[in-house]
Asks: 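Got a structure for you, questions after.
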Amino acid sequence: MLIVVMIWGYHGLLLGWGRPLAWLLATAVVAIACFSRQAKGANFVSKSLIKLGDWSYSLYLVHIIVLAMFMGVSDRVFGKSIGIPLGIALFVSINIVSILCAYLSYAFLERPLERKSIVFLNALPFFQGGVFGNAKSR
């Protein structure tokens, strides 16, 4: 819904209310996600957002690479002008592939390197107090 409102807003279909409405919807989604964490039982939204938060640094690093690859292929295959349905499909595909790559980067690079660095830093004489915590507890 947010994507549709943004596209309508950029094409003037909401008479100038597209951008403010898109920001309002995005803010509402974030607020609902924050307040759902405070509920007694964990639900799908909070668990998935927690995982996405864990992967956020990897997502930050890989999203621009995925975006550049998709846009390069899109320009070669479809040209510079694509329609709204293809644009939405491209947007969704970029997000799905970016999140998948972020998970893989987190699981196979970030976490193992983090564990090794914690073990290494805790072995140093000036960190003997366990400043960085126990690597096995993470």
Asks: Can you check whether Leu113's main-chain N or O pairs, donor with acceptor, with Ser117's side chain at less than 3.5 Å?
Replies: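 Here the side-chain-to-backbone pair exists.
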
Asks: Are Leu109 and Val97 linked, directly or through intermediate hydrophobic residues, by side-chain heavy-atom contacts shorter than 4.5 Å (ILVMFWY only)?
Replies: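 The answer is no; the residues belong to distinct hydrophobic clusters.
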
Asks: Rounded at 0.5 Å granularity, tell me how far CG in Leu59 sits from CG in Asn95.
Replies: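 CG of Asn95 is found 8.0 Å from CG of Leu59.
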
Asks: By the rule that ILVMFWY residues connect when side-chain heavy atoms come within less than 4.5 angstrom, directly or transitively, which residues belong alongside Val62?
Replies: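 Reading the cluster by chain and number, Val62 sits alone, since nothing else belongs.
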
Asks: With clusters built from Ile, Leu, Val, Met, Phe, Trp and Tyr whose side-chain heavy atoms come within less than 4.5 Å, directly or transitively, what are the remaining members of the cluster of Tyr60, listed by chain and number?
Replies: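 Members besides Tyr60, by chain and number: Tyr57, Leu61.
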
Asks: Between Val66 and Leu104, is there a shared hydrophobic cluster once you connect ILVMFWY residues whose side-chain heavy atoms come closer than 4.5 Å?
Replies: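 Unlinked, Val66 and Leu104 end up in two clusters.
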
Asks: Are the side chains of Met71 and Leu90 in touch, meaning some heavy atoms are under 4.5 Å apart?
Replies: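 Met71 vs Leu90: side chains touch.
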
Asks: For Ala102 versus Ser58, what's the shortest heavy-atom pair and its separation?
Replies: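 Between these two residues, the closest heavy atoms are O-CB, 3.4 Å.
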
Asks: Counting only N and O atoms by type, is there a donor-acceptor contact under 3.5 Å from the side chain of Ser74 to the main-chain atoms of Phe70?
Replies: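 Not a single qualifying donor-acceptor pair exists.
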
Asks: Starting from Ile65, can I reach Leu67 by hopping between I/L/V/M/F/W/Y residues whose side chains sit under 4.5 Å apart?
Replies: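 Yes, Leu67 and Ile65 fall within the same hydrophobic cluster.
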
Asks: Rounded to the nearest 0.5 Å, what separation is found between the CG atom of Leu86 and the OG atom of Ser93?
Replies: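 Going from the CG atom of Leu86 to the OG atom of Ser93 covers 9.0 Å.
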
Asks: Would you give the length of the straight line joining atom CE of Met69 to atom CD1 of Ile94, rounded to the nearest 0.5 angstrom?
Replies: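 CD1 of Ile94 is found 10.0 Å from CE of Met69.
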
Asks: Could you grab the distance from atom OH of Tyr103 to atom CH2 of Trp55, nearest 0.5 Å is fine?
Replies: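 One gets 7.0 Å once the value is rounded to the nearest 0.5 Å.
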
Asks: Counting N and O atoms only, with roles assigned by atom type, does the side chain of Ser56 sit under 3.5 Å from a partner on the main chain of Gly53, one being a donor and the other an acceptor?
Replies: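 Checking the backbone N and O of Gly53 against the side chain of Ser56, a donor-acceptor pair under 3.5 Å is found.
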
Asks: Excluding sequence neighbours, so at least two apart, what forms salt bridge (Lys or Arg N to Asp or Glu O under 4.0 Å) with Asp54?
Replies: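 With sequence neighbours excluded, Asp54 shows a salt bridge (Lys or Arg N to Asp or Glu O under 4.0 Å) to no residue whatsoever.
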
